[in-house]
**Q** 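Take this structure first; my questions come after.
The first residue of the sequence shown is numbered 1, and numbering continues consecutively from there.
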Amino acid sequence: MYYEGGMFMGGMHLLWWVFWVALIVVIVYAFRGGRSGDTEAARETPQQVLKRRLASGEITPGEYEERKALLDRDDSRKA
């Protein structure tokens, strides 16, 4: 069964290690992809983003009201 002094069997052993490592990497990537924080940010509505920005102090209450009015106006046009 050995080919050229055991190189064939050593190569097969290496291929099995590569297979298992690749399989583990794919499984970990699949699970982490579904639970990343980026997907939560992508699901935020414009109103939620606006509220978050007001709460963090990025915009003033006046800016919040102006932008909220624009969003509400756009929503009423779509309906």
**Q** List the residues meeting side chain to side chain contact (heavy atoms under 4.5 Å, CB included) with Ile27, not counting sequence neighbours, and say none if there are none.
**A** Leu23, Phe31
**Q** According to side chain to side chain contact (heavy atoms under 4.5 Å, CB included), who are the partners of Val26, at least two apart in sequence or on a separate chain?
**A** none
**Q** Evaluate side chain to side chain contact (heavy atoms under 4.5 Å, CB included) for Arg52 paired with Val49, printing each intermediate quantity in order.
**A** CA-CA 5 Å; Arg52 180 177 43 81; Val49 172; 3.7 Å; yes
**Q** Would you give me the side-chain donor-acceptor pairs under 3.5 Å for residues 62-69, sequence neighbours excluded?
**A**
from, atom 1, to, atom 2, distance (Å)
Glu63, OE1, Thr60, N, 2.9
Lys68, NZ, Asp72, OD2, 3.1

